[in-house]
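Keep in mind that the numbers below use all heavy atoms, side chains included, and drop hydrogens, waters and symmetry copies. Chain letters run A, B, ... following the sequence lines, proteins first and then strands; every chain starts at 1.
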Amino acid sequence: MDKYVTLRSKTGSFSFQVEKRAALILGGLFLCSLLLFVICTSLGSSYIPPLAVVQQFLGIGEKEYEFILHVLRLPRVTMAYFVGAALGVSGLILQRVIRNPLGSPDIVGVTGGASGGAIVFIVFFMGSVSLRWLPLAAILGAAIATLFIYSLSWKKGVTPIRLILIGIGISALMNAFVTMMIVISETAVTTKAYLWLTGSFYGTNWEDVSLMVPWIVILIPLALLLTGIVNVKELGDDVALGLGVRVQWYRFILIAISVGLAGVAVAFAGGIGFVGLIAPHVARMLLGRSFARLVLGSAMIGGLIVILADTIARTAFLPLDIPAGVFTAGIGAPFFIYLLYRNQQRLKG
Amino acid sequence: MNAFSSSQTVKISVLILSFIVFILSFVLSVALGKTPITFQTAIDAFTHYDGNNKEHVIIMTSRLSRAIIATVVGASLAVAGALMQALTRNPLAAPDIFGINAGALFFIVAAATFFSVDSLVQYMWIGFLGAAIAGGLVYLLGSLGGDGLSPIKIVLAGAAISALFISFTQGMLVIDEQKIQSILFWLAGSVSGRELDMLLSVLPFIAVAGIIALFLGKPVNILMSGDDVAKNLGLNTHLTKVMIGVVVVFLAGGSVAIAGSIGFIGLVVPHIVKGITGPNYLWIIPLSALTGASLLIMADLAARFVIMPQEMPIGVMTAFLGTPFFIYIARKGVTKRG
């Protein structure tokens with residue numbers, strides 16, 4: 001039996017091969033996502049039968065659960081999934097671009113920059129300016145931090161190690177900045193800001209989701225479009241140049257997508273750490289190295305991780321609602337250390 | 001090292017100079033603050049103290065204790081950093097980078113939240129425990145694998161362990177929102193609002209560790225010439241390393257118990273000192289203590305004025321001062337041993 005299935009448009013201008021195994025795994029991940037989505041929505045301070053969740057989603061639900069599902073749970077679970085997807089893809093791109101398995105928006109300092117941008121917005125503009133500008137503030141912060149990190153790491157080229165070290169430094173600086181902003185703001189803002197910083201989906205509503213979705217819908221397909229270029233780039237800058245790929249330009253676009261996704265995720269969910277690190281690795285274990293599959297895989301795995309973390313966070317210690325970031329860090333830090341151990345040869349020097 | 005920095009007279013004059021700087025910054029720290037107090041009044045507060053004079057009370061309670069705490073914490077962190085840089089042969093080693101601050105912090109906040117521990121002596125022991133666990137973990141992770149301790153691995157492992165502990169610490173905020181302000185104090189680091197009596201209960205441990213550190217200068221010098229050479233010279237390398245580890249845990253853990261997480265002092269100060277004296281730990285350790293104390297006092301002083309009438313957390317100040325330095329070292333390259 002053939003390992004590949006070829007998909008081709010009628011005119012033949014658009015064609016690519018799909019490996020059956022990868023297609024199966026992606027399909028499986030999609031089913032898992034649907035299943036977990038329903039299960040996570042039905043769990044909570046009051047249990048709602050999964051069937052009722054599905055009915056509610058299809059618009060034929062009973063009035064009994066409407067408030068809990070429609071106002072409290074569905075937007076929250078949806079948001080968690082999208083945030084996870086954004087972080088997963090953002091991490092995947094970063095790991096590719098800096099060719100380092102330890103690349104992740106939170107470790108490299110992109111998340112720190114986004115937090116900085118968002119905290120400025122929360123402290124100074126919350127109330128006077130519409131909330132829809134919050135993601136933009138976070139993205140701007142992330143972009144400025146990235147620019148700083150990248151240019152400070154530049155010394156006849158950028159080595160991954162230097163990039164990560166400088167990222168750690170900039171992260172520390174941004175953390176200090178955020179702490180400062182929180183301290184100089186009023187107590188009411190302090191509590192809110194801190195909850196947000198640790199990464200919580202508490203109180204997400206449909207408006208938030210509707211502000212979040214456009215970014216995802218634009219940026220992830222954009223990453224998919226760049227697939228061919230990324231696969232060529234994987235061979236190295238010289239080869240890519242030889243094949244006519246404008247390396248620096250595409251590297252810039254890819255980083256911009258990654259920064260945008262990380263910024264949006266931070267704007268709505270705060271510091272959900274380590275998802276951008278784990279999701280691409282799990283995706284690679286399942287799907288190999290082809291970029292298009294990995295984008296889809298990382299997105300879905302990231303989404304799965306975050307809805308799972310958030311569900312545990314809001315159900316395990318009822319009536320407390322723990323920030324989901326605590327759980328992603330709990331899984332992520334040991335995983336990071338495992339990667340450190342696995343990749344030690346590449347980290348010499 | 002060049003003739004200039006190795007000359008004995010230069011070193012002695014540097015020692016005297018840094019002592020003068022330390023005294024000066026201490027005096028300034030007592031005299032300057034939100035409430036303007038004249039030097040004369042400040043001196044009066046010491047010579048003939050008047051309990052009814054508001055300014056005298058401010059000097060003797062808040063200002064003096066602040067300056068003393070900054071001295072102890074700054075000196076401890078700087079010495080801990082110098083010893084860690086020697087032990088790991090890593091120019092980027094420091095208590096905060098090793099995750100020691102975050103570890104001590106996590107254990108202290110957890111104890112305060114779940115077991116209602118609230119005496120500084122208990123905080124201190126818990127802080128020691130947290131510091132030892134986090135530091136040991138990072139050291140272990142950094143030395144995993146065949147090629148031994150590599151600077152990069154340690155920094156990365158430290159970043160991961162810190163992220164883990166800080167995230168858990170922040171998670172506890174949600175469990176107890178009442179404590180948010182006091183936990184914020186630990187997270188941001190502060191030398192104000194602590195009574196001198198509380199310091200006195202921790203001081204003996206830090207003092208003993210500090211004195212041992214002074215005597216470690218010579219063994220550390222020998223250790224820096226490499227494990228094999230040190231062994232041939234008759235040094236018990238294992239004992240020396242364990243001693244260094246214990247001293248670091250007491251100094252760093254004690255500092256966090258007193259003042260919360262204050263970063264970068266342990267990283268920056270030893271580098272400044274090494275730049276002046278060269279790689280001789282007999283000088284590096286005492287000079288680091290003096291310079292660390294001066295630097296933290298000055299950072300605290302600056303923290304009072306930058307965003308008047310509010311105060312900046314001192315950990316934020318040191319991060320602003322220290323990050324450019326960290327980046328400078330990272331750019332210079334961390335593979336160079338020393």
Write down the atom of [X], the atom of [Y], and the distance for their closest heavy-atom approach.
{"X": "Leu173(A)", "Y": "Ala319(B)", "result": "CD1-O, 3.9 Å"}
{"X": "Phe274(A)", "Y": "Ala160(B)", "result": "CZ-O, 4.3 Å"}
{"X": "Phe320(B)", "Y": "Phe177(A)", "result": "CZ-CA, 3.9 Å"}
{"X": "Ser167(B)", "Y": "Gly325(A)", "result": "OG-O, 3.4 Å"}
{"X": "Gly169(A)", "Y": "Thr323(B)", "result": "O-CG2, 3.1 Å"}
{"X": "Arg162(A)", "Y": "Arg331(B)", "result": "CD-CA, 4.1 Å"}

Side chain, backbone, both or neither: which part of Ala157(B) has an atom under 4.5 Å from a heavy atom of chain A?
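For Ala157(B), the contact with chain A is made by backbone and side chain together.
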Between chain B and each of Leu277(A), Thr328(A), Ile168(A), Asp106(A), count heavy-atom pairs under 4.5 Å; write down the option with the most.
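Counting heavy-atom pairs under 4.5 Å, the top option is Ile168(A).
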Name the option with the most non-hydrogen atom pairs under 4.5 Å to chain A; the candidates are Phe325(B), Phe326(B), Phe264(B).
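Between Phe325(B), Phe326(B), Phe264(B), the count favours Phe326(B).
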Counting heavy-atom pairs under 4.5 Å to chain A, which of Leu164(B), Ile97(B), Ile161(B) comes out on top?
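When all of Leu164(B), Ile97(B), Ile161(B) are compared, Leu164(B) has the most.
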Check: [Y] and [X] side chains under 4.5 Å, non-hydrogen atoms:
{"X": "Leu92(B)", "Y": "Leu165(A)", "answer": "yes"}
{"X": "Ile164(A)", "Y": "Val155(B)", "answer": "no"}
{"X": "Phe336(A)", "Y": "Leu156(B)", "answer": "yes"}

Could you tell me whether Phe114(B) atom CZ has more than 12 heavy atoms of other residues or ligands within 6.0 Å of it?
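Yes, the 6.0 Å shell around CZ holds more than 12 heavy atoms from other groups.
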